[in-house]
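Okay, so here's the structure we're looking at.
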Amino acid sequence: MKQKCALLSALVLVMVFVSLGAAFAAEKKIVVGFAQIGAESDWRVANTKSIQDACAAAGIELRFVDGQQKQENQIKALRDFITQGVDVIGFSPVVESGWDEVIEEINDAGIPLILSDRTTDIEGTDYYATWMGSNFIDEGEKAGNWLAGYLERQGRGKDEINIVELQGTVGSGPALDRKKGFENIIAKHSNLKITQSQTGDFTRDLGRTVMESFLKKGEKIDVLYAHNDDMALGAIQAIKEAGLKPGKDIIIVGVDAVKGAFEAIAAGEMNCTVECSPLLGPQFVDAVKKLVAGETLPKITYSVEYVYDETNAKEELPKRQY
Ligand code: GYE
């Protein structure tokens, strides 16, 4: 009898431990490291908030590092995440090249990698689990097509048009591809040419100073194509300071579709913005959960996006989340 009792209590103890273990496992928080580029634009600020909010809502522990637009800071953050043994790494690479070594280390550590928004120039797709973001070539093409259509509607379809270009961060995916996409379209229109092109590093401040230097040259400028809205908004200041009317004397096309661009379009100071959604948080969290559960994900998920101008910007403005 005594023996039976002992056996029974041992069994009960084991069961208690097993269920405690299961409860603990169920409650074990998912830990995610995210190496963000910086806070260079309204887009980026909205992107960070979207990821932070979605992780918080899902009860995911997010270790977030702002790389301040420096590759070496991002590399350090990624190495720290490996040392900490996080469950999943999220990463938006500031430029395309120079990641081979650190990504090999992530892969060797067996930590699933989610690329968010930007990509690298590493060959193949084996090194990451999934990538989510926008088709930047498509965005450049949308900007070019919008411009060609607008000029046509204005009766300037055959005029010689000088375009100045504010490029994004040198060597970044969106700067390379937005340029490529735009050039694909203007190559079909012999009257459209880029006369000056320089980087504004995706920031408002540089957008303004570089536009100032474009204007100082004294050449005719018909159009500004900016790889993001922040640079376009900075350039608007410079154009006003030069005594010109942005949106009228110079046609302005941006990318991102941040609130500031909608306001500028509504005020007649900007003409078009091509949408690029930063609201990747919910999709990111969904991918994290699936990876932790051992699922395989599609290699690419593109966001669905639109083009806004004077015909639809005012109506959309109250609905904008960023
Ligand atoms: O367009 C720009 C930002 O990578 C898509 O980065 C992103 C770009 C965005 O700073 O505003």
Side-chain angles (χ1 to χ4, degrees), residues 34-51 66-71 73-74 90-97 99 114-121 128 131-143 146 165-182 198-208 210-211 224-236 252-264 270 272-281 283-284 300-308 320-322:
F34 195 95
Q36 179 62 290
I37 291 173
E40 74 281 6
S41 62
D42 287 358
W43 190 100
R44 188 68 50 197
V45 172
N47 178 245
T48 292
K49 186 172 182 312
S50 175
I51 288 161
D66 175 335
Q68 302 186 342
Q69 280 187 288
K70 293 207 169 67
Q71 181 166 36
N73 293 347
Q74 286 197 295
F91 170 41
S92 184
V94 60
V95 290
E96 291 201 326
S97 59
W99 304 103
I114 300 177
L115 289 178
S116 166
D117 145 47
R118 295 192 187 175
T119 47
T120 80
D121 62 3
Y128 64 92
W131 171 82
M132 57 193 63
S134 304
N135 185 333
F136 302 133
I137 295 193
D138 195 50
E139 289 171 351
E141 290 182 348
K142 281 177 179 163
W146 179 87
E165 180 184 37
L166 281 169
Q167 296 183 34
T169 301
V170 175
S172 70
L176 293 163
D177 288 352
R178 285 173 186 166
K179 182 167 185 54
K180 204 182 288 166
F182 189 76
Q198 218 178 294
T199 182
D201 207 16
F202 280 132
T203 68
R204 214 171 274 220
D205 280 358
L206 277 178
R208 181 179 181 158
V210 176
M211 188 69 204
L224 163 66
Y225 168 48
H227 289 186
N228 81 346
D229 289 336
D230 278 75
M231 292 189 296
L233 294 169
I236 286 174
I252 301 177
V253 186
V255 183
D256 278 353
V258 297
K259 248 190 207 148
F262 281 83
E263 285 158 1
M270 187 165 165
C272 170
T273 181
V274 176
E275 187 174 37
C276 174
S277 177
L279 306 178
L280 298 171
Q283 217 174 311
F284 179 76
I300 299 180
T301 312
Y302 284 128
S303 315
V304 180
E305 292 151 338
Y306 303 93
V307 176
Y308 295 97
R320 296 312 285 178
Q321 288 182 56
Y322 63 96

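None of the values given here were measured: they were computed from a predicted structure. All ligand and atom numbering here is 1-based and tracks the order in the structure.
- Considering only residues two or more places apart in sequence or on other chains, W43 meets the ring pair (Phe, Tyr, Trp, His ring centres under 6.0 Å) condition with none of them.
- In this pair, F284 and F34 present their aromatic rings perpendicular. The plane angle is above 60°, beyond the 30 to 60° band.
- Expressed to the nearest 0.5 Å, how far CZ of F202 lies from CZ of R44 amounts to 8.0 Å.
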Could you pull out every N or O of ligand 1 that sits under 3.5 Å from a protein N or O, with the distance for each pair?
| residue | atom | partner | partner atom | Å |
| --- | --- | --- | --- | --- |
| ligand 1 | 1 (O) | R178 | NH1 | 2.8 |
| ligand 1 | 1 (O) | R178 | NH2 | 3.1 |
| ligand 1 | 1 (O) | D256 | OD1 | 2.6 |
| ligand 1 | 1 (O) | D256 | OD2 | 3.4 |
| ligand 1 | 4 (O) | R44 | NH2 | 3.1 |
| ligand 1 | 4 (O) | D117 | OD1 | 2.7 |
| ligand 1 | 4 (O) | D117 | OD2 | 3.1 |
| ligand 1 | 4 (O) | R118 | NE | 2.8 |
| ligand 1 | 4 (O) | R118 | NH2 | 3.4 |
| ligand 1 | 6 (O) | R44 | NH2 | 2.9 |
| ligand 1 | 6 (O) | R118 | NH2 | 2.8 |
| ligand 1 | 10 (O) | E40 | OE2 | 2.5 |
| ligand 1 | 10 (O) | S41 | OG | 2.8 |
| ligand 1 | 11 (O) | S41 | OG | 3.1 |
| ligand 1 | 11 (O) | N228 | ND2 | 2.8 |
| ligand 1 | 11 (O) | D256 | OD2 | 2.6 |

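- Under the 4.0 Å criterion applied to side-chain N and carboxylate O atoms, K180 and D177 are assigned as salt-bridge partners.
- How far OG of S134 is from CG of L280: 7.0 Å, rounded to the nearest 0.5 Å.
- How far CG of D230 is from CG of L166: 11.5 Å, rounded to the nearest 0.5 Å.
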